[in-house]
Undergrad: 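Right, I'll just put the structure down here and ask away after.
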Amino acid sequence: MNHRSSPVRPSATQQSQDSVEVDVRGDAPDTPRATDRDAEFDRALARILTGHDDAVPTGGDEAADGAGERDYDGDQLDLADRRALRRAAGLSTELTDVTEVEYRQLRLERVVLAGVWSSADSSRAEAEVSLQELSALAATAGSDVLAGVLQRRSTPDPATFLGAGKAAALADLVAAEGADTVVCDGELSASQRRGLEDIVKVKVVDRTAVILDIFAQHAKSREGKAQVELAQLDYLLPRLRGWGESMSRQAGGRVAGGAGIGSRGPGETKIELDRRRIRSRMAKLRREIRGMGTARDAKRSLRVARAVPSVSIAGYTNAGKSSLLNRLTGAGVLVEDALFATLDPTVRRAQTPEGRPYTLADTVGFVRQLPHQLVEAFRSTLEEVAEADLVLHVVDGSHPDPEGQLAAVRSVLAEVGADKVTELVAINKADVADPEVLQRLLARERGAVVVSARTGEGIEQLRERIAELLPVPDVEVEVCVPYERGELVHRVHTTGQVLVEEHTAAGTRLQARVRPRLAAELAPFRLSGAPV
């Protein structure tokens, strides 16, 4: 089911006030926008951050004109599975007659968003983009976003995140909207969450919890599930809280509620027992993830031995990484206009225009304030990027803040040691991007390529740029290969760089650059006087 939300819009109050309420329900305010720039900003947000069923439209004349454009995406069986149990609109299970067996109502979780921004750290537009992104995250997690508030203050309140007065106003808004959850745009400490829950009287979660929930829904492989569970336990450990006396009772003597003689002592509290079990489970998960990495290391070492270059696709979530992988390789990876639609990495084989093979690996998407628990848990997967020969950095050219996307991704790549790998920036979604934004990005990112995974624009230029940046063989040979050893000539063409080729009576004369291993196999056919 779609969960649509319109751009975050400030109310009619002035920006100088301490807090503003923003509308994320789709009802446009009556007050007109002051400038065309603000209107364009809103349209961009609505286009990029509202939910859609498909990344590529499937209805109307547009679908008829581009019926063949989805062929490169393949069958996408994962997408069909994910939509197999969609919620049907208009089917209510609420019983109007309370004399029946039960009275219930089946509905999505109803949430209100709350954010804090400081004019010293970011602009108001950036804060609104962040809150709108949180709205898309909450919708992806399976909730109905009702409203949102932005509170301006120098730093978040250490007790209630928003401050006591604004938290009370938030409680009134929650009651008026009939919400059952508050989602805060930031990472809350245990005391902040508890203090805010005491005021608003509903469940309070933070941005990190929402992202972890999405990852838990979308992880499918054994390794992905283990990584997500490790991140969730790492997040939960410092946030355990007692629930009455059952979490703090000692296993001491009879006075303390124990078993009497022979059992006296300080014992172990229930919360301490839970912490110990969580730590034990985390240690086991880390061992399992290290064991799963052995197979990945073996595959990578085989590619290295065969001198197959590797390219890793990295980028912001929903920037079009999977669509671009499908366009380049026909991989058939799931494509959906949703945040973190694909988590498990996919490796596919591709070729340069001259026929050199290389591998393309799709990685997990990034986002602003990506939880450090996820970075640690997915470190083994993200290290694939650090081991690559080239990072294909995909950025959404139609996003209101593409520079912010670039900075967010590069900060995570630096954490895993991938900032030293050669980077090629691909500005995706050129078919819907503002030409001025594209020119600004091209001026900022030297060597970047403008592409559209949907229409195929710029794909051939992207292939050529990948071929130019892939590492070239470093051993130059001059050989005459007999015709009965044609497999060596084929390997030179596929894994090396042919400079001169000539067919003679004795065999195929080649001057080429190849890898050391192939150079050793060609050594018996080296021409006299050729470089060693």
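Heads up: numbering here begins at 1 and tracks the sequence.
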Undergrad: So, for A453 and N428, which heavy atoms are closest and what is the spacing to 0.1 Å?
TA: N-OD1, 3.1 Å
Undergrad: Just so I know, are the side chains of Q405 and D401 near enough to count as touching, which here means a heavy-atom distance under 4.5 Å?
TA: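 Heavy-atom side-chain distance check fails, nothing below 4.5 Å.
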Undergrad: With side-chain contact (heavy atoms from CB on, under 4.5 Å) as the test, would you mind laying out the steps for F366 and L413 before giving the verdict?
TA: CA-CA 10 Å; F366 303 138; L413 293 179; 4.0 Å; yes
Undergrad: Where is the tightest heavy-atom contact between P357 and R349, given as atom of each residue plus distance?
TA: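 Minimum heavy-atom separation between P357 and R349: CB-NH2, 3.2 Å.
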Undergrad: Which heavy atom in I214 sits nearest to a heavy atom in L137, and how many Å separate them?
TA: CD1-O, 3.3 Å
Undergrad: Check the pair E445, L406 against side-chain contact (heavy atoms from CB on, under 4.5 Å), reporting the backbone distance first and the verdict last.
TA: CA-CA 10 Å; E445 303 294 335; L406 288 166; 3.5 Å; yes
Undergrad: Can a donor-acceptor pair be found, under 3.5 Å and without considering hydrogens, that links the side chain of D389 to the backbone of S310?
TA: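 Pair found, side chain donor or acceptor close to backbone of S310.
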Undergrad: For E457, which residues count as a side chain to side chain donor-acceptor pair (under 3.5 Å) partner, sequence neighbours excluded?
TA: none
Undergrad: How long is the gap from CH2 on W117 to CG on L150, to the nearest 0.5 Å?
TA: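 Nearest 0.5 Å value for the CH2-CG distance: 8.0 Å.
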Undergrad: Can you tell me which residue pairs pass the salt bridge (charged side-chain N to carboxylate O under 4.0 Å, His left out) test with a partner in residues 415-426, sequence neighbours excluded?
TA: R410-E423
Undergrad: Got a donor-acceptor contact below 3.5 angstrom from the K321 side chain to the Y316 backbone?
TA: yes
Undergrad: Heavy atoms, side chains only, cut-off 4.5 Å: are H399 and N318 in contact?
TA: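 H399 does not reach N318 side chain to side chain.
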Undergrad: Could you grab the distance from atom CG of L392 to atom CZ of R465, nearest 0.5 Å is fine?
TA: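 One gets 11.0 Å once the value is rounded to the nearest 0.5 Å.
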Undergrad: Tell me, please, which residues at least two apart from E403 pass side chain to side chain donor-acceptor pair (under 3.5 Å).
TA: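 Counting only residues at least two positions away or on another chain, E403 forms a side chain to side chain donor-acceptor pair (under 3.5 Å) with R440.
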Undergrad: Do R491 and L488 come close enough that some side-chain heavy atom pair is under 4.5 Å?
TA: yes
Undergrad: Given the rule in the side-chain contact (heavy atoms from CB on, under 4.5 Å) test, do L113 and V145 qualify, once you have shown the distances and angles that lead to the verdict?
TA: CA-CA 8 Å; L113 310 179; V145 181; 4.0 Å; yes
Undergrad: With a 4.5 Å heavy-atom cut-off, do L324 and L462 have their side chains touching?
TA: yes
Undergrad: Does a side-chain heavy-atom distance below 4.5 Å link P309 with L390?
TA: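 A side-chain contact is absent here, since even the closest heavy-atom pair is not under 4.5 Å.
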Undergrad: Working to the nearest 0.5 Å, report the span between CG of L230 and CE of M282.
TA: 5.5 Å
Undergrad: Run the side chain to side chain donor-acceptor pair (under 3.5 Å) test against Y358 and tell me which residues pass, sequence neighbours left out.
TA: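 Scan of Y358 (side chain to side chain donor-acceptor pair (under 3.5 Å), adjacent residues dropped) gives none.
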Undergrad: Give the minimum heavy-atom separation between R485 and E487, together with the two atoms involved.
TA: NE-OE2, 2.6 Å
Undergrad: If you define the side chain from C-beta out and look only at heavy atoms, does anything of V481 sit under 4.5 Å from L522?
TA: yes
Undergrad: On a heavy-atom basis, which atom in C184 and which in L134 lie closest, and how many Å separate them?
TA: C-CD2, 4.0 Å
Undergrad: So do the side chains of I427 and P402 get within less than 4.5 Å of each other, counting heavy atoms only?
TA: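 When only atoms from C-beta onward are counted, P402 and I427 do not touch, as no gap falls below 4.5 Å.
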Undergrad: What distance do I211 atom CD1 and T317 atom OG1 have between them, rounded to the nearest 0.5 Å?
TA: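 Spacing of CD1 (I211) from OG1 (T317) equals 9.0 Å.
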Undergrad: Is the backbone of E187 close enough, under 3.5 Å, to the side chain of T208 for a donor and an acceptor to pair up by distance?
TA: no
Undergrad: Roughly how far apart are R348 CZ and L360 CG, rounded to 0.5 Å?
TA: 10.5 Å
Undergrad: Return the minimal non-hydrogen interatomic distance between V451 and A426, and the atom names on each side.
TA: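 Distance-wise, the nearest heavy atoms are CG2-CB, 4.4 Å.
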Undergrad: So which pairs with a foot in residues 283-295 pass salt bridge (charged side-chain N to carboxylate O under 4.0 Å, His left out), sequence neighbours left out?
TA: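 Residue pairs passing salt bridge (charged side-chain N to carboxylate O under 4.0 Å, His left out), neighbours aside: none found.
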Undergrad: Does the side chain of D185 come under 3.5 Å of the side chain of S130 through a donor N or O and an acceptor N or O?
TA: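 S130 and D185 do have a side-chain donor-acceptor pair below 3.5 Å.
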Undergrad: With a 4.5 Å cut-off on side-chain heavy atoms, are E478 and V500 touching?
TA: no
Undergrad: From the options I466, L469, T359, select the one residue that forms a side-chain contact (heavy atoms from CB on, under 4.5 Å) with V311.
TA: I466
Undergrad: When the ring planes of Y483 and H503 are compared, do they come out parallel, tilted or perpendicular, using 30° and 60° as the limits?
TA: parallel
Undergrad: Check for a donor-acceptor pair, side chain of E223 on one end and backbone N or O of M292 on the other, with a separation under 3.5 Å.
TA: no
Undergrad: Yes or no on side-chain contact (heavy atoms from CB on, under 4.5 Å) for V477 and R526, after CA distance, side-chain angles and deciding distance?
TA: CA-CA 7 Å; V477 296; R526 183 170 59 87; over 6 Å; no
Undergrad: Under the rule for side chain to side chain donor-acceptor pair (under 3.5 Å), what residues qualify as partners of R281, not counting sequence neighbours?
TA: E229
Undergrad: Q217 vs D213, test: side chain to side chain donor-acceptor pair (under 3.5 Å). Steps then yes/no.
TA: CA-CA 6 Å; Q217 293 180 45; D213 185 79; 2.7 Å; yes
Undergrad: Just wondering, more than 12 heavy atoms not from E436 lying within 6.0 Å of its CD?
TA: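 Not buried by this count: 12 neighbours or fewer within 6.0 Å.
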Undergrad: Which value, rounded to the nearest 0.5 Å, describes the distance between R444 atom CZ and R446 atom CZ?
TA: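 Result: 12.0 Å between the selected atoms.
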